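Working notes, structure below.
Counting from 1, the numbers follow the sequence of the chain as shown. Computed from a predicted structure; not experimentally measured.
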Amino acid sequence: MTAALEVSVARRIGEFELDVAFTVESGISVLFGPSGAGKSLTLALIAGLIRPDTGTIQINGRVVTDCTRRIHVSTQERRIGMVFQDGVLLPHRSVLDNVALAVRQGGGRRERRTIARSWLGRVGADEFVARRPGSLSGGQRQRVALARGLAGEPALVLLDEPLSALHAAVRCELRKLIREVIVSSGVAAVLVTHDAEEAEEIGDEIIAYNDGHVAGRRVVERPTRTRGDEPPESGLST
């Protein structure tokens with residue numbers, strides 16, 4: 001089985017040096033550690049936003065970065081869905097158009113908007129379709145950003161501190177939603193956080209970072225659901 005992600009890279013920025021190697025087979029992997037440990041830098045390298053000094057990156061068996069062979073596939077061609085801390089939505093576009101622009105499959109505008117509306121429904125944001133991002137709360141914007149990140153059927157989803165700017169109650173609600181929607185979609189994901197509780201609730205495995213290196217990793221133990229158990233509620237309020 002081909003790994004969803006294989007990373008072996010080094011990058012020096014000033015006095016800080018990142019040198020990490022890890023593989024993500026499937027599910028949600030969490031890069032966990034203190035601020036300044038290199039977690040977000042790793043995500044930027046995976047996304048192709050920054051080039052490493054040395055090393056390689058493969059996504060679903062496809063080489064997207066190889067410094068020796070001078071391979072650097074553009075961010076747009078890596079088939080990556082990205083969810084950032086502030087959502088990074090287009091302010092002059094409606095919620096529906098923000099998500100529809102990310103849809104790769106489908107023919108015309110109507111079909112792309114139908115797919116976008118379906119994803120907005122899955123994250124509990126279908127009632128916001130006609131609104132602009134500036135009229136939404138922080139939690140609502142992150143729901144839309146999550147729908148946009150998944151709407152293009154990406155090979156990999158990257159989430160960089162997506163909940164850190166939200167109030168505690170909203171963070172708790174969206175942790176459940178992020179896990180539920182990503183797991184049900186079947187796509188592999190890498191999430192960055194410095195919040196231990198968030199790492200435990202969302203991740204299938206935790207990759208611990210410290211001072212630019214992988215300090216350890218472990219699988220998150222989850223209870224096995226039995227017949228009759230109810231699935232976790234997404235929650236629709238923010």
Side-chain angles (χ1 to χ4, degrees), residues 4-5 7 18 20 22-47 80-89 122-125 136-150 154 156-225 230-238:
L5 174 68
V7 176
L18 177 78
V20 295
F22 60 87
T23 299
V24 173
E25 298 293 339
S26 61
I28 303 173
S29 295
V30 177
L31 306 187
F32 170 75
S35 297
K39 307 182 302 296
S40 293
L41 176 56
T42 300
L43 241 60
L45 292 167
I46 296 169
I80 290 175
M82 291 186 281
V83 183
F84 298 102
Q85 179 177 332
D86 58 1
V88 196
L89 302 174
R122 290 179 68 173
V123 302
L136 304 180
S137 69
Q140 291 167 346
R141 285 195 297 273
Q142 290 306 83
R143 288 176 184 270
V144 176
L146 179 60
R148 184 188 60 184
L150 291 165
L156 180 71
V157 177
L158 305 177
L159 304 98
D160 192 4
E161 300 273 11
L163 307 180
S164 61
L166 305 179
H167 296 300
V170 179
R171 285 201 307 271
C172 183
E173 184 178 16
L174 291 188
R175 286 172 190 165
K176 297 176 182 178
L177 176 67
I178 287 173
R179 175 158 182 83
E180 180 182 345
V181 173
I182 290 179
V183 169
S184 67
S185 73
V187 66
V190 179
L191 181 142
V192 163
T193 184
H194 62 270
D195 185 312
E197 185 177 353
E198 184 174 302
E200 293 282 346
E201 288 194 23
I202 297 178
D204 293 299
E205 69 165 349
I206 297 174
I207 301 173
Y209 265 51
N210 185 41
D211 196 25
H213 300 279
V214 173
R217 62 190 299 172
R218 68 176 176 84
V219 173
V220 178
E221 297 294 334
R222 297 192 178 279
T224 302
R225 284 174 54 194
E230 294 297 323
E233 296 182 2
S234 317
L236 301 184
S237 61
T238 56

| task | Mind checking the CG-OG1 spacing from L31 to T193? Nearest 0.5 Å is all I need. | result | 10.0 Å
| field | Non-hydrogen atoms of L191 and P162 that approach each other most closely | value | CD1-CG, 4.0 Å
| note | Tightest non-hydrogen contact, residues R222 and G203, listed as NH2-O, 2.5 Å
| query | Does a side-chain heavy-atom distance below 4.5 Å link L166 with L174? | reply | yes
| message | If I take atom CG from residue L156 and atom CD1 from residue I46, how far apart are they, to the nearest 0.5 angstrom? | response | 6.5 Å
| query | How close do V30 and A199 get, heavy atom to heavy atom, and via which atoms? | reply | CG1-CB, 3.7 Å
| task | Heavy atoms only: give me the nearest G33-H194 pair and the separation to one decimal. | result | O-CB, 3.2 Å
| With E161, which residues qualify under salt bridge (charged side-chain N to carboxylate O under 4.0 Å, His left out), at least two apart? | none
| Under-4.0 Å salt bridge between R143 and E173 | yes
| message | Quick check against the 3.5 Å criterion: does K39 have a side-chain atom that pairs as donor or acceptor with the backbone of P34? | response | yes
| remark: Interatomic distance, CG@D204 vs OG@S26, rounded to 0.5 Å, equals 7.0 Å
| Do V157 and L150 touch side chain to side chain, with heavy atoms closer than 4.5 Å? | yes
| task | Search all heavy atoms of L163 against all heavy atoms of R175 and return the closest pair with its distance. | result | CD1-CG, 3.6 Å
| request: Enter the distance from I28:CD1 to R179:CZ here, rounded to the nearest 0.5 Å. | output: 5.0 Å
| request: Flag the pair E201 and K176 as a salt bridge only when some basic side-chain nitrogen lies within less than 4.0 angstrom of an acidic carboxylate oxygen. | output: no
| How many angstroms lie between atom OG of S29 and atom CZ of R217, to the nearest 0.5 angstrom? | 6.0 Å
Please table the atom pairs, donor to acceptor, closer than 3.5 Å between any side-chain atom in residues 183-190 and protein atoms at least two apart or in another chain.
| unit_1 | atom_1 | unit_2 | atom_2 | d |
| --- | --- | --- | --- | --- |
| S184 | OG | R122 | NH2 | 3.0 |
| S184 | OG | E180 | O | 3.0 |
| S184 | OG | V181 | O | 2.9 |
| S185 | OG | I182 | O | 2.7 |
| S185 | OG | V187 | N | 3.4 |

| task | Kindly indicate, with the supporting measurements, whether the criterion side chain to side chain contact (heavy atoms under 4.5 Å, CB included) is fulfilled by V144 and L89. | result | CA-CA 8 Å; V144 176; L89 302 174; 3.9 Å; yes
| note | Rounding to 0.5 Å, atoms CG (N210) and CZ (F32) come to a distance of 10.5 Å
| request: Kindly write out the residues that satisfy side chain to side chain contact (heavy atoms under 4.5 Å, CB included) with D160, not counting sequence neighbours, or none if the list is empty. | output: S40, L43, F84, V192
| remark: Nearest heavy-atom contact between L18 and G38 is CD1-O, 3.8 Å
